[in-house]
Trainee: 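After the C-alpha coordinates below, expect a handful of questions from me.
Both ligands and their constituent atoms are indexed starting at 1 by order of listing.
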Amino acid sequence: MVMEDIAEGLASLARRGISRRSFLKLCSATALAMGLDFKVGRRMARVAAAAISKKPVVWMQGQGCTGCSESLLSSLDPDPAAIVLDLLSVRYHPTIMAGAGKVAQRAWEEAVRQGGYILVLEGAIPLADPRFCLVEGRPFSELFIEAAKRAEVVVAAGSCASYGGIPAAGPTQAAGAQAVVKDKTVINLPSCPAKPSRLLGTLLYYLSFREAPPLDDFGRPIPYYQRFLQHDSCPRRGHYERGEFLKDWNDPKTVDWCLLYKGCKGPLTYTDCPRIWWNDGANYCIRAGSPCSGCTQPEFYAKLTPLYAKQEIIPEPNVFGLSITTAAKGITGLAAVGVAAHAAARFIAGRQQEGKEVKK
Ligand code: SF4
Ligand code: SF4
(Lines give C-alpha, C1' and ligand atoms only; values in the text may rest on other atoms or scores of the structure.)
(Ligands and ions follow the chains in the order given, each with its own letter.)
Protein backbone atom coordinates (compact mmCIF):
# COMPACT_ATOMS: atom_id res chain seq x y z
CA MET A 1 0.00 0.00 0.00
CA VAL A 2 1.70 3.20 -1.14
CA MET A 3 1.17 6.41 0.87
CA GLU A 4 0.90 8.44 -2.33
CA ASP A 5 -1.96 6.20 -3.47
CA ILE A 6 -3.82 6.81 -0.21
CA ALA A 7 -3.27 10.58 -0.43
CA GLU A 8 -4.34 10.59 -4.06
CA GLY A 9 -7.47 8.55 -3.23
CA LEU A 10 -8.46 10.84 -0.38
CA ALA A 11 -7.88 13.90 -2.58
CA SER A 12 -10.10 12.30 -5.22
CA LEU A 13 -12.87 11.79 -2.66
CA ALA A 14 -12.43 15.35 -1.41
CA ARG A 15 -13.00 16.62 -4.97
CA ARG A 16 -16.37 14.85 -4.79
CA GLY A 17 -17.14 16.57 -1.51
CA ILE A 18 -16.34 13.59 0.72
CA SER A 19 -13.96 14.54 3.50
CA ARG A 20 -11.32 12.23 4.93
CA ARG A 21 -13.26 12.29 8.20
CA SER A 22 -16.60 11.20 6.69
CA PHE A 23 -14.87 8.48 4.63
CA LEU A 24 -13.22 7.18 7.79
CA LYS A 25 -16.57 7.32 9.58
CA LEU A 26 -18.17 5.37 6.75
CA CYS A 27 -15.48 2.67 6.79
CA SER A 28 -15.69 2.37 10.59
CA ALA A 29 -19.49 2.07 10.35
CA THR A 30 -19.06 -0.60 7.67
CA ALA A 31 -16.62 -2.51 9.86
CA LEU A 32 -19.03 -2.33 12.81
CA ALA A 33 -21.98 -3.42 10.64
CA MET A 34 -19.89 -6.38 9.53
CA GLY A 35 -19.22 -7.23 13.18
CA LEU A 36 -15.56 -6.16 13.05
CA ASP A 37 -13.68 -3.88 15.42
CA PHE A 38 -13.92 -0.21 14.43
CA LYS A 39 -10.10 -0.16 14.25
CA VAL A 40 -10.39 -2.49 11.26
CA GLY A 41 -12.43 0.33 9.70
CA ARG A 42 -9.33 2.56 9.76
CA ARG A 43 -7.35 -0.03 7.88
CA MET A 44 -10.24 -0.55 5.48
CA ALA A 45 -10.28 3.19 4.82
CA ARG A 46 -6.54 3.20 4.00
CA VAL A 47 -6.77 0.17 1.71
CA ALA A 48 -9.93 1.41 0.00
CA ALA A 49 -8.48 4.93 -0.46
CA ALA A 50 -5.32 3.46 -1.99
CA ALA A 51 -7.42 1.36 -4.37
CA ILE A 52 -9.58 4.26 -5.51
CA SER A 53 -10.29 4.35 -9.23
CA LYS A 54 -8.15 1.26 -9.81
CA LYS A 55 -10.53 -1.66 -9.49
CA PRO A 56 -12.61 -1.94 -12.68
CA VAL A 57 -16.34 -2.60 -12.48
CA VAL A 58 -18.71 -3.75 -15.18
CA TRP A 59 -22.35 -3.05 -14.29
CA MET A 60 -24.88 -4.92 -16.43
CA GLN A 61 -28.63 -4.39 -16.44
CA GLY A 62 -31.03 -7.19 -17.36
CA GLN A 63 -34.74 -7.47 -16.79
CA GLY A 64 -35.45 -4.74 -14.25
CA CYS A 65 -36.66 -1.19 -13.69
CA THR A 66 -33.28 0.56 -13.04
CA GLY A 67 -34.56 1.24 -9.51
CA CYS A 68 -31.39 -0.22 -7.99
CA SER A 69 -29.15 2.24 -9.85
CA GLU A 70 -31.61 4.99 -8.94
CA SER A 71 -31.49 3.95 -5.28
CA LEU A 72 -27.70 4.22 -5.29
CA LEU A 73 -27.59 7.51 -7.18
CA SER A 74 -30.20 9.15 -4.93
CA SER A 75 -28.39 8.60 -1.63
CA LEU A 76 -26.87 11.51 0.16
CA ASP A 77 -24.76 11.32 3.27
CA PRO A 78 -22.03 10.45 2.50
CA ASP A 79 -22.92 9.99 -1.11
CA PRO A 80 -22.48 6.24 -1.83
CA ALA A 81 -22.83 6.85 -5.55
CA ALA A 82 -19.91 9.27 -5.47
CA ILE A 83 -17.90 6.86 -3.36
CA VAL A 84 -18.69 3.83 -5.50
CA LEU A 85 -17.97 5.74 -8.68
CA ASP A 86 -14.73 7.03 -7.23
CA LEU A 87 -13.72 3.79 -5.53
CA LEU A 88 -14.11 1.91 -8.71
CA SER A 89 -13.21 2.45 -12.28
CA VAL A 90 -16.64 1.99 -13.86
CA ARG A 91 -16.00 0.68 -17.37
CA TYR A 92 -19.58 0.00 -18.31
CA HIS A 93 -22.93 1.07 -16.84
CA PRO A 94 -25.79 1.48 -19.33
CA THR A 95 -27.57 4.19 -17.29
CA ILE A 96 -24.75 6.52 -16.32
CA MET A 97 -22.14 6.10 -19.03
CA ALA A 98 -21.88 8.85 -21.61
CA GLY A 99 -21.60 6.50 -24.57
CA ALA A 100 -24.54 4.65 -26.09
CA GLY A 101 -25.18 2.01 -28.75
CA LYS A 102 -22.08 0.63 -30.45
CA VAL A 103 -19.74 2.92 -28.48
CA ALA A 104 -21.08 1.52 -25.21
CA GLN A 105 -20.90 -2.02 -26.54
CA ARG A 106 -17.25 -1.53 -27.50
CA ALA A 107 -16.53 -0.31 -23.96
CA TRP A 108 -18.13 -3.50 -22.63
CA GLU A 109 -16.11 -5.68 -25.00
CA GLU A 110 -12.86 -3.97 -24.08
CA ALA A 111 -13.55 -4.33 -20.33
CA VAL A 112 -14.42 -8.02 -20.72
CA ARG A 113 -11.30 -8.60 -22.82
CA GLN A 114 -9.14 -7.14 -20.02
CA GLY A 115 -10.98 -9.10 -17.28
CA GLY A 116 -10.30 -8.90 -13.51
CA TYR A 117 -13.27 -6.67 -12.72
CA ILE A 118 -16.13 -6.73 -10.24
CA LEU A 119 -19.24 -7.67 -12.20
CA VAL A 120 -22.45 -6.13 -10.85
CA LEU A 121 -25.76 -7.44 -12.09
CA GLU A 122 -28.90 -5.31 -11.80
CA GLY A 123 -32.17 -6.88 -12.94
CA ALA A 124 -32.87 -10.52 -13.74
CA ILE A 125 -31.73 -12.82 -16.52
CA PRO A 126 -34.59 -14.16 -18.69
CA LEU A 127 -33.94 -17.81 -19.45
CA ALA A 128 -37.15 -18.82 -21.25
CA ASP A 129 -36.30 -17.24 -24.57
CA PRO A 130 -33.19 -15.17 -25.42
CA ARG A 131 -35.35 -12.69 -27.32
CA PHE A 132 -36.89 -11.41 -24.10
CA CYS A 133 -33.80 -9.27 -23.49
CA LEU A 134 -31.43 -8.33 -26.28
CA VAL A 135 -28.47 -5.95 -26.16
CA GLU A 136 -27.18 -4.83 -29.53
CA GLY A 137 -28.94 -7.88 -30.99
CA ARG A 138 -27.31 -10.39 -28.63
CA PRO A 139 -29.16 -12.24 -25.84
CA PHE A 140 -28.48 -10.66 -22.46
CA SER A 141 -28.02 -14.10 -20.85
CA GLU A 142 -25.19 -14.89 -23.30
CA LEU A 143 -23.48 -11.54 -22.67
CA PHE A 144 -23.76 -11.89 -18.91
CA ILE A 145 -22.33 -15.43 -18.88
CA GLU A 146 -19.44 -14.22 -21.06
CA ALA A 147 -18.75 -11.31 -18.70
CA ALA A 148 -18.99 -13.53 -15.60
CA LYS A 149 -16.26 -15.84 -16.94
CA ARG A 150 -13.72 -12.99 -16.87
CA ALA A 151 -14.91 -11.41 -13.61
CA GLU A 152 -13.14 -11.61 -10.25
CA VAL A 153 -16.40 -11.72 -8.32
CA VAL A 154 -20.08 -11.26 -9.14
CA VAL A 155 -22.34 -8.99 -7.08
CA ALA A 156 -26.10 -9.31 -7.58
CA ALA A 157 -27.57 -5.92 -6.65
CA GLY A 158 -31.24 -6.14 -5.70
CA SER A 159 -33.91 -8.86 -5.61
CA CYS A 160 -34.22 -9.39 -9.37
CA ALA A 161 -30.47 -9.91 -9.81
CA SER A 162 -30.35 -12.23 -6.78
CA TYR A 163 -33.32 -14.54 -7.28
CA GLY A 164 -35.38 -13.23 -10.19
CA GLY A 165 -37.52 -10.86 -8.09
CA ILE A 166 -40.64 -9.36 -9.69
CA PRO A 167 -39.80 -10.47 -13.28
CA ALA A 168 -39.71 -14.09 -12.02
CA ALA A 169 -43.47 -13.81 -11.45
CA GLY A 170 -43.93 -13.36 -15.22
CA PRO A 171 -43.47 -15.61 -18.26
CA THR A 172 -39.74 -15.08 -18.93
CA GLN A 173 -38.32 -17.60 -16.43
CA ALA A 174 -36.33 -14.75 -14.97
CA ALA A 175 -33.52 -15.87 -12.68
CA GLY A 176 -30.71 -14.36 -10.65
CA ALA A 177 -26.98 -14.42 -11.34
CA GLN A 178 -26.39 -17.61 -9.34
CA ALA A 179 -28.59 -19.56 -11.79
CA VAL A 180 -25.98 -19.14 -14.52
CA VAL A 181 -22.71 -18.50 -12.64
CA LYS A 182 -21.40 -21.72 -11.12
CA ASP A 183 -17.63 -21.30 -11.09
CA LYS A 184 -17.19 -18.29 -8.81
CA THR A 185 -18.63 -16.47 -5.83
CA VAL A 186 -21.89 -14.64 -6.33
CA ILE A 187 -22.69 -12.17 -3.54
CA ASN A 188 -26.43 -11.63 -3.37
CA LEU A 189 -27.65 -8.28 -2.05
CA PRO A 190 -31.42 -8.71 -2.33
CA SER A 191 -33.98 -6.00 -1.58
CA CYS A 192 -36.26 -3.97 -3.79
CA PRO A 193 -34.53 -1.70 -4.63
CA ALA A 194 -30.91 -2.49 -3.71
CA LYS A 195 -29.87 -0.85 -0.42
CA PRO A 196 -26.92 1.53 -0.94
CA SER A 197 -25.36 0.90 2.48
CA ARG A 198 -25.17 -2.84 1.78
CA LEU A 199 -23.68 -2.41 -1.68
CA LEU A 200 -21.12 0.09 -0.47
CA GLY A 201 -20.22 -1.97 2.61
CA THR A 202 -19.82 -5.13 0.53
CA LEU A 203 -17.59 -3.37 -2.00
CA LEU A 204 -15.46 -1.81 0.76
CA TYR A 205 -15.14 -5.22 2.37
CA TYR A 206 -14.20 -6.88 -0.90
CA LEU A 207 -11.61 -4.21 -1.73
CA SER A 208 -10.10 -4.61 1.73
CA PHE A 209 -10.03 -8.39 2.06
CA ARG A 210 -10.25 -9.47 -1.59
CA GLU A 211 -12.94 -11.96 -0.71
CA ALA A 212 -16.66 -12.03 -0.04
CA PRO A 213 -17.99 -11.42 3.45
CA PRO A 214 -19.38 -14.55 5.17
CA LEU A 215 -22.50 -15.59 3.25
CA ASP A 216 -25.62 -17.43 4.36
CA ASP A 217 -27.28 -20.32 2.52
CA PHE A 218 -28.87 -17.88 0.08
CA GLY A 219 -25.59 -16.18 -0.79
CA ARG A 220 -26.36 -13.05 1.29
CA PRO A 221 -23.74 -11.42 3.57
CA ILE A 222 -24.69 -12.71 7.04
CA PRO A 223 -24.02 -9.36 8.77
CA TYR A 224 -26.67 -7.64 6.63
CA TYR A 225 -29.27 -10.36 6.57
CA GLN A 226 -29.30 -13.58 8.54
CA ARG A 227 -28.35 -11.96 11.79
CA PHE A 228 -31.68 -10.15 12.02
CA LEU A 229 -35.21 -11.52 11.75
CA GLN A 230 -37.48 -8.57 10.99
CA HIS A 231 -40.17 -9.86 13.35
CA ASP A 232 -37.74 -9.99 16.30
CA SER A 233 -36.68 -6.35 16.00
CA CYS A 234 -40.04 -4.87 15.07
CA PRO A 235 -41.38 -1.84 16.97
CA ARG A 236 -44.90 -3.35 16.59
CA ARG A 237 -43.93 -6.72 18.08
CA GLY A 238 -45.59 -5.94 21.44
CA HIS A 239 -48.93 -5.54 19.65
CA TYR A 240 -48.38 -8.87 17.88
CA GLU A 241 -47.81 -10.58 21.22
CA ARG A 242 -51.01 -9.03 22.60
CA GLY A 243 -52.98 -10.09 19.54
CA GLU A 244 -53.50 -6.49 18.41
CA PHE A 245 -53.64 -6.41 14.62
CA LEU A 246 -54.40 -3.51 12.32
CA LYS A 247 -57.42 -4.46 10.23
CA ASP A 248 -58.67 -1.09 9.01
CA TRP A 249 -56.19 1.43 7.58
CA ASN A 250 -58.63 4.22 8.49
CA ASP A 251 -58.88 3.42 12.20
CA PRO A 252 -56.60 5.92 13.99
CA LYS A 253 -56.71 3.89 17.24
CA THR A 254 -54.96 0.89 15.67
CA VAL A 255 -52.56 2.69 13.37
CA ASP A 256 -49.48 1.48 15.29
CA TRP A 257 -50.65 -2.12 15.67
CA CYS A 258 -49.15 -5.21 14.07
CA LEU A 259 -49.46 -5.33 10.28
CA LEU A 260 -49.71 -9.13 9.96
CA TYR A 261 -53.17 -9.06 8.39
CA LYS A 262 -52.14 -6.22 6.10
CA GLY A 263 -49.63 -8.56 4.50
CA CYS A 264 -46.53 -8.20 6.69
CA LYS A 265 -43.92 -10.88 5.88
CA GLY A 266 -41.72 -9.91 8.84
CA PRO A 267 -41.96 -13.36 10.47
CA LEU A 268 -39.96 -14.92 7.63
CA THR A 269 -37.79 -12.00 6.55
CA TYR A 270 -34.11 -11.65 7.39
CA THR A 271 -32.94 -8.08 7.00
CA ASP A 272 -31.03 -5.31 8.77
CA CYS A 273 -33.81 -2.79 7.96
CA PRO A 274 -34.96 -2.28 11.60
CA ARG A 275 -31.36 -1.40 12.56
CA ILE A 276 -30.03 0.39 9.50
CA TRP A 277 -32.85 2.48 8.14
CA TRP A 278 -33.29 3.55 4.53
CA ASN A 279 -32.83 6.94 2.92
CA ASP A 280 -29.76 7.89 4.91
CA GLY A 281 -31.32 6.72 8.17
CA ALA A 282 -34.66 8.51 7.67
CA ASN A 283 -36.99 5.53 8.14
CA TYR A 284 -37.92 2.05 6.92
CA CYS A 285 -41.11 0.33 5.77
CA ILE A 286 -42.74 -0.81 9.02
CA ARG A 287 -41.99 2.41 10.91
CA ALA A 288 -43.41 4.33 7.97
CA GLY A 289 -46.68 2.36 8.24
CA SER A 290 -46.15 -0.19 5.48
CA PRO A 291 -45.97 -3.95 6.01
CA CYS A 292 -42.67 -5.63 5.22
CA SER A 293 -43.07 -7.31 1.84
CA GLY A 294 -40.14 -9.65 2.45
CA CYS A 295 -38.09 -8.17 -0.38
CA THR A 296 -34.82 -9.66 0.92
CA GLN A 297 -36.11 -13.21 0.72
CA PRO A 298 -35.70 -15.65 -2.19
CA GLU A 299 -39.52 -16.13 -2.11
CA PHE A 300 -40.04 -12.48 -3.12
CA TYR A 301 -42.11 -11.64 -5.17
CA ALA A 302 -44.18 -14.49 -6.61
CA LYS A 303 -44.70 -16.44 -3.38
CA LEU A 304 -45.37 -13.36 -1.27
CA THR A 305 -47.98 -11.61 -3.37
CA PRO A 306 -50.45 -9.92 -3.05
CA LEU A 307 -48.36 -7.72 -0.83
CA TYR A 308 -51.17 -6.22 1.26
CA ALA A 309 -52.90 -9.44 2.30
CA LYS A 310 -51.84 -12.16 4.68
CA GLN A 311 -50.43 -15.19 2.86
CA GLU A 312 -50.69 -18.80 3.95
CA ILE A 313 -46.91 -18.96 4.08
CA ILE A 314 -47.18 -16.79 7.21
CA PRO A 315 -48.73 -18.85 10.03
CA GLU A 316 -51.62 -17.63 12.16
CA PRO A 317 -50.60 -16.36 15.58
CA ASN A 318 -52.27 -17.90 18.65
CA VAL A 319 -52.86 -16.50 22.12
CA PHE A 320 -49.15 -16.67 22.92
CA GLY A 321 -48.36 -14.70 19.81
CA LEU A 322 -46.83 -17.71 18.06
CA SER A 323 -48.58 -20.61 16.41
CA ILE A 324 -47.16 -24.10 16.83
CA THR A 325 -46.09 -24.02 13.19
CA THR A 326 -44.31 -20.73 13.68
CA ALA A 327 -42.67 -21.96 16.86
CA ALA A 328 -41.40 -25.06 15.03
CA LYS A 329 -40.18 -22.95 12.16
CA GLY A 330 -38.68 -20.55 14.66
CA ILE A 331 -36.70 -23.35 16.29
CA THR A 332 -35.33 -24.44 12.92
CA GLY A 333 -34.69 -20.82 12.02
CA LEU A 334 -32.97 -20.07 15.30
CA ALA A 335 -30.78 -23.12 14.94
CA ALA A 336 -29.83 -21.94 11.46
CA VAL A 337 -29.14 -18.45 12.74
CA GLY A 338 -27.14 -19.91 15.62
CA VAL A 339 -24.99 -21.92 13.24
CA ALA A 340 -24.56 -18.95 10.93
CA ALA A 341 -23.78 -16.61 13.82
CA HIS A 342 -21.19 -19.08 15.11
CA ALA A 343 -19.59 -19.34 11.69
CA ALA A 344 -19.61 -15.56 11.38
CA ALA A 345 -18.13 -15.16 14.87
CA ARG A 346 -15.27 -17.52 14.02
CA PHE A 347 -14.69 -15.72 10.75
CA ILE A 348 -14.73 -12.33 12.43
CA ALA A 349 -12.39 -13.52 15.19
CA GLY A 350 -9.93 -14.36 12.42
CA ARG A 351 -10.35 -10.92 10.86
CA GLN A 352 -9.83 -9.21 14.21
CA GLN A 353 -6.27 -10.46 14.57
CA GLU A 354 -4.74 -7.04 14.18
CA GLY A 355 -6.45 -6.86 10.79
CA LYS A 356 -3.51 -8.76 9.31
CA GLU A 357 -5.69 -10.09 6.56
CA VAL A 358 -6.47 -6.65 5.24
CA LYS A 359 -4.64 -6.85 1.94
CA LYS A 360 -1.91 -4.29 1.57
S1 SF4 B 1 -45.91 -9.33 11.75
FE2 SF4 B 1 -44.80 -7.57 10.88
S3 SF4 B 1 -45.67 -5.75 11.90
FE4 SF4 B 1 -46.27 -7.55 13.10
S5 SF4 B 1 -44.69 -7.70 14.66
FE6 SF4 B 1 -44.06 -9.06 12.98
S7 SF4 B 1 -42.73 -7.79 11.72
FE8 SF4 B 1 -43.88 -6.39 13.06
S1 SF4 C 1 -38.65 -3.61 5.65
FE2 SF4 C 1 -39.05 -5.49 4.46
S3 SF4 C 1 -39.96 -4.77 2.50
FE4 SF4 C 1 -39.03 -3.00 3.51
S5 SF4 C 1 -36.97 -2.89 2.57
FE6 SF4 C 1 -36.79 -4.05 4.49
S7 SF4 C 1 -36.99 -6.21 3.90
FE8 SF4 C 1 -37.75 -4.97 2.19
Trainee: Where does the angle between the aromatic ring planes of Y284 and W277 fall among parallel (under 30°), tilted (30 to 60°) and perpendicular (over 60°)?
Mentor: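 Because their plane-to-plane angle lies in the 30° to 60° range, the rings of Y284 and W277 count as tilted.
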Trainee: Just jot down the ligand 1 atoms closer than 4.0 angstrom to any heavy atom of L259, in number order.
Mentor: 3 (S), 4 (Fe)
Trainee: Considering the heavy atoms of C234, write down every atom of ligand 1 situated less than 4.0 Å from one of them.
Mentor: 3 (S), 5 (S), 7 (S), 8 (Fe)
Trainee: For atom 6 (Fe) of ligand 1, what's the nearest protein heavy atom and its distance?
Mentor: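 Going atom by atom, the protein heavy atom closest to atom 6 (Fe) of ligand 1 ends up being H231 ND1, 2.2 Å.
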Trainee: Looking only at protein heavy atoms, which one is nearest to atom 1 (S) of ligand 1, and how far off is it?
Mentor: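 Result for atom 1 (S) of ligand 1: C258 SG, 3.5 Å.
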Trainee: Could you check atom 2 (Fe) of ligand 1 against the protein and tell me its nearest heavy-atom contact, residue, atom and distance included?
Mentor: C264 SG, 2.3 Å
Trainee: Check which protein N, O or S atoms are less than 2.8 Å from atom 2 (Fe) of ligand 2 and report how many there are.
Mentor: 1
Trainee: Are E244 and R242 ion-paired here, with the side-chain N under 4.0 Å from a carboxylate O?
Mentor: yes
Trainee: Identify, by atom number and element, the atoms of ligand 1 in contact range of Y240, meaning under 4.0 Å from any of its heavy atoms.
Mentor: 5 (S)
Trainee: Using a strict 4.0 Å cut-off to heavy atoms of R237, name the atoms of ligand 1 that fall inside it.
Mentor: 5 (S)
Trainee: Kindly confirm or rule out a cation-pi arrangement of K262 over Y308, judged by NZ or CZ under 6.0 Å from the six-membered ring centre and within 45° of its axis?
Mentor: no
Trainee: Quick one: does any side-chain atom of R91 pair with a main-chain N or O of V58 as donor and acceptor, under 3.5 Å?
Mentor: no
Trainee: Decide, yes or no, whether a salt bridge links K55 with E152 under the criterion of side-chain N to carboxylate O below 4.0 Å.
Mentor: yes
Trainee: Looking at W278, which atoms of ligand 2 are within less than 4.0 Å of one of its heavy atoms?
Mentor: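 Close to W278: 5 (S).
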Trainee: Can you tell whether the side chains of E110 and R106 come within less than 4.0 Å, N to carboxylate O?
Mentor: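 Salt bridge: no.
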Trainee: Is any NZ, NE, NH1 or NH2 atom of the basic residue among K195 and D272 found under 4.0 Å from an Asp or Glu carboxylate oxygen of the other?
Mentor: yes
Trainee: Is the NZ or CZ atom of R210 positioned over Y205's six-membered ring, under 6.0 angstrom from the centre and within 45° of the axis?
Mentor: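 Output no; distance or angle outside limits.
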Trainee: For T296 and Y270, indicate whether the former's side chain and the latter's backbone hold a donor-acceptor pair under 3.5 Å.
Mentor: yes
Trainee: Where do C68 and A194 come nearest, in terms of heavy atoms and distance?
Mentor: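 The pair with the smallest heavy-atom distance is SG-N, 3.3 Å.
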